[in-house]
Amino acid sequence: MILFKKAEDLYNYIADQQKKGKKAGFVPTMGALHEGHLSLIRQAGLENDLTVCSIFVNPTQFNDPADFDKYPITLEKDIAMLTGAGCHLLFLPSVAEMYPDGIKARMHYDLGFLETRLEGPFRPGHFQGVCMVVHRLLEIVHPDNLYLGQKDFQQCMVITRLTEIMGINDKTTIRICPTLRESDGLAMSSRNMRLSEQERQTAPVIYRTLLYIKNNIQPGDITCLQQKAVADLELSGFRVDYADIADANTLAPVTNWDGRQPLVALVAAFLNEVRLIDNLLLS
Ligand code: AMP
């Protein structure tokens, strides 16, 4: 695996390979890697000649500074895992390399309705920060395929919109990969390592709540199911930001289901200081 710290070097290396007809698949991450990340790397390996990963804990997407300060960093382990998974290129930029004009120099991305839903109001500025970093990364890596995890369902929609705003949606194909879970159903996440033993025992309740919705949803009024999800999570000790059932294509809230509309259930909830998110397609 070749390690790059300079954007220009990585840009030129990939451009050179693409001129020779090679396809590049890109997996952006914030490090503290787990099997979920590696599943994206392996998928990129199957579909491209060159697998590119970036590790950058992006300060502009943390609305809570404490969350940024506590974000786990396990770089040596990450490098070993990426090498084992067959990653070819790793981009490890500094903040100055990513944001030569500083982190305050922001453009506004028009995400429309998407930004008004779910993570949007609970994490003000978060998706603008995500767009800022992914915009820069996509300019540097200019991949043929971009690999994202369904775990961050709304983020997948935001980044799809970003590629349209950037006008690269015909050049870079977005590949959304399934959520990898622990054996008890908890979605793998870098934040899981911040859970205490007791919190770790409670955390799979999120997945069980999502499964309950999936197994019990019926056409008609579905608000009771959504209210029960919130109540069950609170009873287990979660502080719930949202437990929502939405249209899987638009994220518009759905209260009355016709039995055909594609749905997704999404949860964001805290166990003490640690905020966990998860989702499940219902149909
Ligand atoms: P992060 O490092 O959390 O920014 O995640 C980097 C990429 O890995 C994103 O596209 C995530 O959606 C994806 N990812 C995170 N957790 C999982 C998981 N459990 N299964 C599959 N993909 C994941």
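Counting starts at 1 for both ligands and their atoms, in listed order. In this chain, numbering begins with 1 at the start of the sequence shown. The model shown is predicted, which means the values in this text are computed figures rather than measured ones.
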**OP:** Take every heavy atom of Cys156, measure it against each atom of ligand 1, and state whether any distance is under 4.0 Å.
**Re:** no
Original post:
Measuring from Ile176:CD1 to Gln43:CD, what's the distance to the nearest 0.5 Å?
Top reply: 12.5 Å
**OP:** List every atom of ligand 1 that sits less than 4.0 Å from any heavy atom of Leu148, numbering the atoms from 1 in the order shown and giving each element.
**Re:** 10 (O)
Original post:
For atom 10 (O) of ligand 1, which of Cys53, Ala32, Gly149 has the closest heavy atom?
Top reply: Gly149
Subject >> Where ligand 1 meets Pro28 - atom numbers and elements under 4.0 angstrom, heavy-atom basis >> reply: 6 (C), 7 (C)
Subject >> Side chain, backbone, both or neither: His37 near ligand 1, heavy atoms under 4.0 Å >> reply: side chain
Original post:
At a 4.0 Å threshold, what atoms of ligand 1 neighbour a non-hydrogen atom of Gly36?
Top reply: 18 (C), 20 (N), 21 (C), 22 (N)
Original post:
For ligand 1, which atoms, with element, lie under 4.0 Å from some heavy atom of Thr179?
Top reply: 19 (N), 20 (N), 21 (C)
Original post:
At the 4.0 Å heavy-atom cut-off, does Glu35 count as touching ligand 1?
Top reply: no
Original post:
Does Leu33 approach ligand 1 within less than 4.0 angstrom via side chain, backbone, both or neither, non-hydrogen atoms only?
Top reply: neither
Subject >> Side-chain donor-acceptor pair present, Glu139, Tyr11, cut-off under 3.5 Å >> reply: no
Subject >> Polar contact flag, side-chain donor to acceptor under 3.5 angstrom, Asp144-Gln18 >> reply: yes
Subject >> Note: Glu97-Lys6 ion pair, threshold 4.0 Å (strictly below) >> reply: yes
**OP:** Using a strict 4.0 Å threshold on nitrogen-to-oxygen distance, state whether Arg275 and Asp64 make a salt bridge.
**Re:** no
Original post:
Out of Pro178, Ser54, Ser189, who gets a non-hydrogen atom closest to atom 21 (C) of ligand 1?
Top reply: Pro178
Original post:
Among Arg200, Gln201, Arg208, which residue meets the side chain to side chain donor-acceptor pair (under 3.5 Å) test with Asp184?
Top reply: Arg200
Original post:
Would one find an N or O of Leu180, backbone or side chain, under 3.5 Å from an N or O of ligand 1?
Top reply: yes
Subject >> Verdict with reasoning, Lys104 to Tyr99, per side chain to side chain contact (heavy atoms under 4.5 Å, CB included) >> reply: CA-CA 9 Å; Lys104 296 267 185 285; Tyr99 301 124; over 6 Å; no
Original post:
For the side chain of His88 and the backbone of Thr51, is there at least one donor-acceptor N/O pair under 3.5 Å apart?
Top reply: yes
Original post:
Can Met98 and Val133 be said to form a side chain to side chain contact (heavy atoms under 4.5 Å, CB included), step by step?
Top reply: CA-CA 8 Å; Met98 281 300 285; Val133 73; 3.6 Å; yes
Original post:
Among His34, Gln43, Met30, Gln150, whose heavy atom sits nearest atom 15 (C) of ligand 1?
Top reply: His34
Subject >> Numbered atoms and elements of ligand 1 in range of Met188, under 4.0 angstrom, heavy atoms >> reply: 16 (N), 17 (C), 18 (C), 19 (N)
**OP:** Any atoms of ligand 1 less than 4.0 Å from a non-hydrogen atom of Asp152? List them with their elements.
**Re:** 11 (C), 12 (O)
